[in-house]
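Numbers here simply count residues along the sequence, with the first being 1. What's counted below: heavy atoms across the whole structure, side chains too, no hydrogens, waters or symmetry copies.
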Amino acid sequence: MRRSLLWISALLLALFVAASIALITIARSQNRAANEQSLFYVKKALDNRSKRLQASVMDYAFWGEAYRNLHAKLDLDWAYARQNLGPTLFDDQGYEALFVVDAHGGTSYAVIDGKLQRSVDAGQWLQQDLSSLLAAARESAELGESVSRYLSLDGRPTLVAAAALTTGGDPEVAEVPGPASVLLFVDTLSDGELQALGDDYGIHGLRLARDAADAQAQPNLALPVQDVALHLRWEATEPGHYLLSLVLPLLVSAGLMIVGLTVFALRRSLVAARAMELNYASLQAGRAALADSEERFRQVAEAASDWIWEIDGEHRLTYLSERFEEVSGHSREAWLGRPIDELLTSAAGSVSAWLDGHTPRPGSRSVLQCEYVAGDGLERACSLSLRRISGSAGYRGTAADITEEIQARARIEHLSQHDALTGLPNRRRMQEFLDGKLQASPTRDHPLVMLSVDLDRFKPVNDALGHAAGDRVLNEVSARLRQCLREGDLVARLGGDEFTLIVTGISSQYEVERLCRRLLARIQQPFMIDDNEVFIGASIGIALAPADGTQAEELLRYADIALYEAKEAGRDTWRFYASGMNERVVERRLLEQDLRHALRDGELRLEFQPRYRVDGQRIAGAEALVRWQHPQRGRLAPDVFIPLAEETGLIVPLSDWVLRTACLEARSWPSTAFVSVNLSPIEFKRGEVVERVRAVLEETGFPPGQLELELTESVMLDDAEGALQTMLQLKALGVRLSMDDFGTGYSSLSYLRAFPFDGLKIDRSFMSDLSDSEDSLAIIQAIVGLGKALTLTVTAEGVETADQLSLLLQVECEEAQGFYLGRPMVAEAFREALRSNP
Ligand code: C2E
Ligand code: CA
Ligand code: CA
């Protein structure tokens with residue numbers, strides 16, 4: 001009796017020890033799994049960082065302009081002063097250094113922390129022998145790729161991406177024989193950057209290991225850096241510790257109780273033995289201990305968040321712990337005796353199939369991720385850990401619920417691939433999708449169609465109705481775009497009001513155009529935002545694979561160029577990419593850069609065209625007209641560069657210069673002669689125009705009454721109420737306002753009455769028709785009459801002949817301007833004209 005009691009106690013104790021070990025193992029494996037998962041995210045974060053840097057270096061290296069100015073010759077002005085490869089890469093992108101290493105290994109161009117360095121050697125600065133990196137970059141350039149590498153720079157992890165400079169396929173750039181120069185971008189990961197990088201992926205406290213001991217602590221990642229050990233560390237989540245802290249105390253106390261019970265029972269049995277009598281009482285105590293311990297084991301099993309299961313040799317469930325009901329929402333009775341395959345499925349198919357393929361050795365433990373439908377009908381995921389039951393064909397194990405973890409992972413995955421506002425795929429997802437589609441090698445008969453869509457007139461919506469309204473419009477646009485496409489096509493939002501569509505399964509140009517027409521029609525339908533009807537439009541650029549290109553980057557660029565042409569062509573339309581477009585875009589980009597310099601370097605000139613009183617033919621004043629003395633192209637007319645200035649925002653500084661120069665010059669004129677200056681509708685809408693005019697008047701001391709501002713009616717078209725307010729404020733400054741190009745719009749008359757104009761200028765197109773058309777004379781006569789009725793000074797523009805002038809005299813038009821009376825002239829010439837003015 002005593003012996004068997006001892007045996008039972010020993011067995012129970014062993015069971016508890018086994019349970020404790022199992023528990024600790026589970027906890028550690030949970031910790032390990034969590035660490036592995038975080039390691040995966042850290043690697044992914046680093047990987048993405050280097051991919052981005054690689055993409056960025058390629059953007060610049062595979063660019064004909066860069067090849068010409070950094071490899072064929074070295075143009076520091078182009079590269080640094082004009083900001084093509086200058087400080088913005090440091091300021092905006094945070095790249096600590098960029099280098100160009102030439103064919104002989106010398107560093108020909110270096111910008112460090114945004115500053116140009118004249119005699120820095122890239123290899124020395126990076127404390128590295130760069131020869132293998134340079135060779136790899138040159139080799140990869142032939143495949144259209146760049147390379148990157150981690151290295152340690154003063155103990156900090158540093159990413160270097162390198163790409164060889166190529167002409168980028170630009171036919172205008174001549175290739176230079178010999179090895180290409182290599183462009184290097186250097187991105188050092190500071191503490192803050194590491195932390196932010198981790199945060200993006202849900203990893204907390206990502207940092208560099210403090211010392212060797214810290215580097216070995218879990219979790220950690222050794223960076224692939226030559227010679228030096230660089231370890232990253234971050235905070236572990238340790239779900240297993242939580243489990244242990246919950247269950248271990250229970251287990252220990254249960255174990256202690258058994259020991260106590262055993263000692264107690266032994267004593268009693270000893271007494272009984274002494275009494276020479278086999279006593280039933282001791283047997284009873286043994287039974288009670290056993291029942292007790294089973295109860296405790298059950299409690300332990302139920303305290304864990306996992307449920308426990310067992311299957312027999314036929315893979316039928318023979319045991320399910322109580323937790324199963326709570327977690328899965330199924331009853332145990334319903335499942336006991338049924339095959340486990342009916343409950344769980346795994347990526348490998350069924351659990352049985354997986355077991356057949358793996359046959360875990362007795363004693364070893366395997367983990368399998370499974371899904372099942374819970375009692376509430378929703379899908380749940382669990383991580384099955386299983387081991388062979390020794391001495392039987394069955395298995396047992398635990399099932400940990402990992403539904404939330406899987407959902408979180410899916411959420412991160414989704415977030416990293418989709419635009420938060422509209423839920424549409426983002427640029428990254430689009431790129432992946434595009435790569436996939438291109439791999440399927442589209443043909444001319446079954447092309448891949450890439451559409452770049454950019455909304456027109458969207459900004460005013462944002463400005464006038466607020467961002468919330470703008471967001472709603474973007475959401476609605478997304479939905480409408482999606483409706484126009486078929487399953488298997490993709491709409492992505494690349495940010496702002498730019499969208500990209502990737503479409504397959506349409507083969508003719510006719511079909512593409514039909515799609516564009518449908519897209520535009522959908523977008524042009526009004527949007528109801530609160531009680532406002534909002535109207536917007538869109539422009540579309542189209543590129544086709546393989547006709548225009550077979551690389552994702554190429555197609556994106558070409559579609560953008562075509563989009564640009566569509567905008568140029570007057571918006572609300574589409575354009576197919578045509579190979580000539582590329583040059584025009586480059587040309588405009590150059591002109592835009594030049595215009596920035598023109599302002600700074602004083603290449604602008606002002607000319608003055610006299611305006612005469614028609615009756616006595618005295619000079620009333622002059623219109624200031626801007627010209628650009630371009631160092632290479634010579635004199636450029638405003639029609640060439642004003643639209644460009646309007647598009648790029650340069651119109652504001654340009655116009656400030658015109659205003660100031662005109663006022664300074666006109667100070668020397670008699671007080672009866674006014675100067676008039678053209679304002680662009682773009683700057684008028686910006687709101688600061690009143691302040692700017694006031695500032696110039698104060699600065700120059702020019703009398704406001706002598707200044708006239710010429711506006712076109714488009715100023716009033718978009719926002720009549722705002723325009724009226726601005727005009728009233730300008731009038732309050734004391735300046736005169738005149739309506740330019742009168743007659744070319746369609747609603748000029750109503751505006752004239754409602755807005756505080758002092759004069760109007762009849763567009764010169766009426767003048768050219770004047771001699772041979774009765775209608776034009778009638779129209780001019782009517783306008784003059786109207787002007788008189790509204791007490792406006794009427795000026796006829798474009799007077800080229802004596803006949804035209806005498807007709808104007810006949811209809812009593814007050815003032816005239818035109819080549820016959822005087823061409824635009826330099827300031828001195830106009831002063832001369834004023835002196836001989838009768
Ligand atoms: P606009 O305001 O209609 O200016 C008058 C234009 O007509 C000037 O051309 C002038 O040279 C031209 N013109 C004058 N008399 C005659 C004539 O008898 N026959 C013909 N065929 N043309 C005549 P320009 O200087 O090339 O200016 C073109 C446009 O550029 C201007 O049209 C104006 O809209 C814009 N512009 C010029 N300077 C500025 C400026 O400083 N700021 C802004 N925002 N726009 C400007
Ligand atoms: Ca004008
Ligand atoms: Ca005009």
Tell me, do L424 and R429 make a side-chain contact under 4.5 Å, heavy atoms counted?
no
Taking only residues two or more places apart in sequence or in another chain, which ones pass salt bridge (charged side-chain N to carboxylate O under 4.0 Å, His left out) with R571?
D456
Indicate every side-chain donor-acceptor pair of residues 104-112 with a distance under 3.5 Å to a residue at least two apart or in another chain.
from : atom 1 : to   : atom 2 : distance (Å)
T107 : OG1    : A122 : N      : 2.8
S108 : OG     : V100 : O      : 3.2
Y109 : OH     : L85  : O      : 2.7

Quick one: closest heavy-atom pair of V658 and L606, and the distance?
O-CD2, 3.7 Å
Answer with yes or no whether the side chains of D741 and T712 bring together a donor and an acceptor at under 3.5 Å.
no
Taking D572 for its side chain and A538 for its backbone only, find out whether a donor-acceptor pair lies under 3.5 Å.
yes
Validation row: Q593, N84 side chains within 4.5 angstrom (heavy atoms)
yes
Provide the closest heavy-atom pair for F62 versus A163 in the form atom of the first, atom of the second, distance.
CE2-CB, 4.2 Å
Which residue pairs satisfy the salt bridge (Lys or Arg N to Asp or Glu O under 4.0 Å) criterion with at least one member in residues 132-152, sequence neighbours excluded?
none
What verdict does the side chain to side chain contact (heavy atoms under 4.5 Å, CB included) test give for E513 and F576, after you've listed the backbone C-alpha separation in whole Å, the side-chain angles of each residue and the deciding distance to 0.1 Å?
CA-CA 10 Å; E513 299 206 310; F576 284 85; 3.6 Å; yes
Taking side-chain hydrogen bond (donor to acceptor under 3.5 Å, both in side chains) as the definition, give me every residue that meets it alongside Y150, ordered by chain and number, with sequence neighbours left out.
none
side-chain hydrogen bond (donor to acceptor under 3.5 Å, both in side chains) against R514, all qualifying residues, sequence neighbours excluded
none
Take D548 and E554, measure what side chain to side chain contact (heavy atoms under 4.5 Å, CB included) needs, and give me the verdict at the end.
CA-CA 8 Å; D548 297 326; E554 263 179 329; over 6 Å; no
Which atom pair, heavy atoms only, marks the closest approach of E646 to S680?
OE2-OG, 2.7 Å
In terms of side-chain heavy atoms, does T648 have a donor or acceptor partner in E592 at a distance below 3.5 Å?
no
State, with a plain yes or no, whether a side-chain heavy atom of L184 is found less than 4.5 Å away from one of L130.
yes
If you measure from CG on L515 to CG on L451, what distance do you get to the nearest 0.5 Å?
6.0 Å
What's the shortest heavy-atom distance between A566 and T573, and which atoms?
O-CG2, 3.5 Å
Which residues pass the ring pair (Phe, Tyr, Trp, His ring centres under 6.0 Å) test with F99, sequence neighbours left out?
W125
Are any non-hydrogen side-chain atoms of R428 and Q431 less than 4.5 angstrom apart?
no
Decide yes or no for F641 and L654: does some side-chain heavy atom of the first lie under 4.5 Å from some side-chain heavy atom of the second?
yes
Evaluate L46 against L221 for side chain to side chain contact (heavy atoms under 4.5 Å, CB included), listing each step before the verdict.
CA-CA 11 Å; L46 290 171; L221 171 67; 3.6 Å; yes
4.5 Å side-chain heavy-atom contact, D489 and V449:
no
S146 backbone acceptor or donor facing Q54 side chain under 3.5 Å:
yes
Any side-chain to backbone donor/acceptor pair from S655 onto V652? Under 3.5 Å, distance only.
no
Are there over 12 heavy-atom neighbours, none belonging to Y60, within less than 6.0 Å of that residue's OH?
no
Name all residues meeting the side-chain contact (heavy atoms from CB on, under 4.5 Å) criterion together with P87; count only those two or more places apart in sequence or in a different chain, and write none if there are none.
Y80, Q83, D91
Under 3.5 Å, is there a donor-acceptor pair between the side chain of R493 and the main chain of G496?
yes
Sorted by chain and number, sequence neighbours left out, salt bridge (charged side-chain N to carboxylate O under 4.0 Å, His left out) with E565 holds for R584
Where is the tightest heavy-atom contact between P824 and L625, given as atom of each residue plus distance?
CG-CD1, 3.8 Å
Nearest 0.5 angstrom please: L563 CG to D454 CG, how far?
5.0 Å
Applying salt bridge (Lys or Arg N to Asp or Glu O under 4.0 Å), which residue pairs with at least one partner in residues 180-192 are found, sequence neighbours left out?
R49-D187, R156-D191
Can you sort out the partners of A81 under side-chain contact (heavy atoms from CB on, under 4.5 Å), two or more places apart, ordered by chain and number?
D77
Once rounded to the nearest 0.5 Å, what's the spacing between atom CZ of R427 and atom CG of L494?
4.5 Å
Does a side-chain N-to-carboxylate-O contact under 4.0 Å join K567 and E647?
no
In the structure I gave you, are the side-chain heavy atoms of I536 and V477 within less than 4.5 Å of one another anywhere?
yes
Could you tell me whether R660 and D656 have a side-chain N and a carboxylate O separated by less than 4.0 Å?
no
Test salt bridge (Lys or Arg N to Asp or Glu O under 4.0 Å) on E683 and R692; report intermediate values, then the result.
CA-CA 10 Å; E683 54 177 322; R692 289 172 37 219; 2.8 Å; yes
Is any side-chain heavy atom of V512 closer than 4.5 Å to a side-chain heavy atom of W574?
no
Restricting to side-chain contact (heavy atoms from CB on, under 4.5 Å), what partner residues turn up for E603, sequence neighbours left out?
A598, D601, W628, P631
Under the rule for side-chain hydrogen bond (donor to acceptor under 3.5 Å, both in side chains), what residues qualify as partners of S131, not counting sequence neighbours?
D129
What is the distance from atom OG of S478 to atom CZ of F499, rounded to the nearest 0.5 Å?
4.5 Å
Under the 3.5 angstrom rule, does the side chain of Q124 hit a backbone N or O of V120 as a donor-acceptor pair?
no
Minimum heavy-atom distance P681-S714, with the two atoms named:
CG-OG, 3.2 Å
Is it the case that more than 12 heavy atoms not belonging to R457 sit under 6.0 Å from its CZ atom?
yes
Going from CG on L197 to OG on S190, what distance comes out if it is rounded to the nearest 0.5 angstrom?
10.0 Å
Check this for me, if you would: do E65 and R589 make a salt bridge, where the nitrogen-to-carboxylate-oxygen distance has to be below 4.0 angstrom?
no
Spacing of L474 atom CG and L481 atom CG [to the nearest 0.5 Å]
10.5 Å
If you measure only the distance, is there a donor-acceptor pair under 3.5 Å linking the side chains of Q632 and D594?
no
Would you check, one step at a time, whether the test side chain to side chain contact (heavy atoms under 4.5 Å, CB included) holds for V453 with L501?
CA-CA 8 Å; V453 179; L501 280 54; 4.0 Å; yes
